[in-house]
Amino acid sequence: MLSYRHAFHAGNHADVLKHIVLVELLHYLTAKDKRLWYIDTHAGAGQYRIDNTSSNRESSEGIERLWNATDLPEAVQRYLDRVRLRNPDGTLSRYPGSPLLANDSVRVGDRLWLSELHPADHALLNEQFKHDGHVKVQKSDGFAALRSLLPPEPRRALIMIDPSYEVKSDYVQLIDSLVDARRRFATGVYAIWYPLLVRREAEKLGQQLIKAAGPRWLDVAMSVKKPSGERAGLYGSGMFVINPPHTLPATLANLMPGLTKLLAQDAAASFKLNYELS
């Protein structure tokens, strides 16, 4: 499906949750003196304009609410500092996607593998990284690319999976790809973003992810408003992490109440945090 363009949604509440978790995972994984691969199956354009000249205003209900906030938890501040790197004059006008956030977190010797099938977004992504020898940008289906990359050569990898979920086949492909990926590379850290929608496929996804995950997983989700009927659209999102760091549950338990309050759109805003670390 090539109609989806993340530029229309960049910096919204879903991006905030997704990227806080992503930055925290990278912070943990890069603390060990061992090489790491970062694999992004649906990388997007890399960076997005979110100022008044852009068509995106969803950032007003996401990153803009954090921009001038104070007394933020350490993990939220770490994420915000990464966004500030891309806005050095202090004015929020650009939002970095997962590839740039990852690239700002990795070390010498680490590698990034970025897949993007949309021709326009691939061109923008390729331009972002054309001088970075440790980054490989591929114009390919992310699920197919993942199969070709696992197991990774250093035997350490963070795999970010973030499809558009615009079509029903995305849900099926996600689970099939996860099962295959874990068969090839069971010890990898997999970070899967998912939407909260009034849709049968979305509502079934949680249990399917748990079944595919194995013994160690974490599921954090945030609703920012009450859904209003089948055409409610996105009312929240979640991150499902396979093989999460042992520190992640406590980190999220500390930050989610305040983050949910900051991003709430009505009184129904809430969050959930479930995990199994056996």
Side-chain angles (χ1 to χ4, degrees), residues 14-15 17-32 34-44 75 97-99 101-102 105-106 110-116 136 138 140-165 170-195 201-202 204-221 237-249 251-252 272-278:
D15 265 0
L17 176 61
K18 172 172 61 180
H19 290 146
I20 286 173
V21 174
L22 175 63
V23 170
E24 194 62 17
L25 289 172
L26 286 162
H27 176 71
Y28 178 88
L29 291 168
T30 55
K32 293 187 177 181
K34 295 181 180 179
R35 291 190 302 122
L36 178 74
W37 280 12
Y38 172 77
I39 301 171
D40 200 324
T41 62
H42 298 77
S98 302
L101 291 170
S105 300
V106 297
D110 295 334
R111 293 206 66 183
L112 277 70
W113 299 86
L114 311 176
S115 296
E116 178 53 50
K136 175 66 174 178
Q138 305 174 93
S140 61
D141 173 78
F143 292 124
L146 180 60
R147 183 179 177 86
S148 70
L149 290 169
L150 298 182
E153 178 269 324
R155 293 302 191 270
R156 292 185 78 233
L158 170 59
I159 299 98
M160 180 72 191
I161 304 176
D162 179 20
S164 69
Y165 299 97
D170 283 345
Y171 295 88
V172 176
Q173 271 197 290
L174 169 63
I175 299 301
D176 289 348
S177 293
L178 269 180
V179 171
D180 178 73
R182 291 199 65 254
R183 188 162 48 237
R184 295 166 177 273
F185 184 45
T187 58
V189 178
Y190 297 84
I192 302 102
W193 177 85
Y194 64 88
E201 294 79 18
K204 290 171 53 181
L205 186 60
Q207 288 303 311
Q208 292 174 328
L209 286 169
I210 291 173
K211 186 177 179 180
R216 293 177 50 83
W217 56 269
L218 178 146
D219 184 17
V220 60
S237 68
M239 284 290 283
F240 191 93
V241 183
I242 299 174
N243 296 324
H246 69 278
T247 56
L248 191 58
T251 297
L252 292 174
K272 70 171 185 177
L273 174 62
N274 299 311
Y275 54 91
E276 178 61 61
L277 300 180
S278 60

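Values in this document were obtained by computation on a predicted structure and should not be read as measured data.
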Legend entry - Side-chain donor/acceptor of Arg35 to backbone N/O of Arg156, under 3.5 Å: no

Inset, instruction - Give, for atom CD of Gln208 and atom OH of Tyr171, the distance between the pair rounded to the nearest 0.5 Å. - result: 10.0 Å

Inset, instruction - Please determine which of Ile161, Asp180, Asp176 meets the side-chain contact (heavy atoms from CB on, under 4.5 Å) test together with Phe143. - result: Ile161

Inset, instruction - Check whether any side-chain heavy atom of Val189 lies under 4.5 Å from a side-chain heavy atom of Ile242, and answer yes or no. - result: no

Legend entry - Under 3.5 Å: donor-acceptor pair, side chain of Glu276, backbone of Trp217: no

Legend entry - Minimum heavy-atom distance Glu153-Trp37, with the two atoms named: N-CH2, 3.6 Å

Legend entry - Heavy-atom pair of closest approach, residues Ala191 and Met239: CB-CE, 3.8 Å

Inset, instruction - To the nearest 0.5 Å, tell me how far His42 NE2 sits from Ser164 OG. - result: 7.0 Å

Inset, instruction - Side-chain contact test, heavy atoms from C-beta onward, threshold under 4.5 Å: evaluate it for Trp193 versus Val21 and give yes or no. - result: no

Inset, instruction - Determine whether Leu277 and Pro249 make a side-chain contact, defined as any pair of heavy atoms from C-beta on separated by less than 4.5 Å. - result: yes

Legend entry - side-chain contact (heavy atoms from CB on, under 4.5 Å) partner of Phe185, the single match among Ile39, Leu150, Leu146: Leu150

Legend entry - Aromatic ring pairing His246/Tyr28, orientation class (parallel under 30°, perpendicular over 60°, tilted between): perpendicular

Inset, instruction - Nearest 0.5 Å please: distance from the OG atom of Ser105 over to the CG atom of Leu22. - result: 7.0 Å

Inset, instruction - Taking the side chain as every heavy atom from C-beta outward, state whether Phe240 and Ile210 have any pair of such atoms under 4.5 Å apart. - result: yes

Legend entry - Single hit among Asp162, Asp219, Asp170 for side-chain hydrogen bond (donor to acceptor under 3.5 Å, both in side chains) with Tyr194: Asp219

Inset, instruction - Drop me the distance from Thr41's OG1 to Gln173's CD, to the nearest 0.5 angstrom. - result: 10.0 Å

Inset, instruction - Answer yes or no: is there a donor N or O on one side and an acceptor on the other, between the side chain of Asp110 and the main chain of Leu36, under 3.5 Å? - result: yes

Inset, instruction - Quick one: closest heavy-atom pair of Leu26 and Leu101, and the distance? - result: CD1-O, 4.4 Å

Inset, instruction - Measure the shortest side-chain to side-chain distance between Tyr190 and Arg182 over non-hydrogen atoms and say whether it is less than 4.5 angstrom. - result: yes

Legend entry - Side-chain touch Gln138/Leu149, heavy atoms, less than 4.5 angstrom: yes

Inset, instruction - For Ser115 and Ala145, work out which heavy atoms get closest and say how close. - result: OG-CB, 3.3 Å

Legend entry - Exercise: identify the closest heavy-atom pair between Gly238 and Leu17: CA-CD2, 4.1 Å

Inset, instruction - Evaluate the side chain to side chain contact (heavy atoms under 4.5 Å, CB included) criterion for residues Arg155 and Lys34: first the C-alpha distance (whole Å), next the side-chain angles of each, then the deciding distance (0.1 Å), finally the verdict. - result: CA-CA 10 Å; Arg155 293 302 191 270; Lys34 295 181 180 179; over 6 Å; no

Legend entry - Non-hydrogen atoms of Leu25 and Leu158 that approach each other most closely: CD1-CD1, 4.0 Å

Legend entry - Euclidean distance, Leu205 CG relative to Ile175 CD1, rounded to 0.5 Å: 5.0 Å

Legend entry - 4.5 Å side-chain heavy-atom contact, Arg216 and Tyr275: no

Inset, instruction - I would like to know whether Leu248 and Glu24 meet side chain to side chain contact (heavy atoms under 4.5 Å, CB included); could you show each step before the answer? - result: CA-CA 8 Å; Leu248 191 58; Glu24 194 62 17; 4.1 Å; yes

Inset, instruction - Determine whether Ile159 and Ile192 make a side-chain contact, defined as any pair of heavy atoms from C-beta on separated by less than 4.5 Å. - result: no

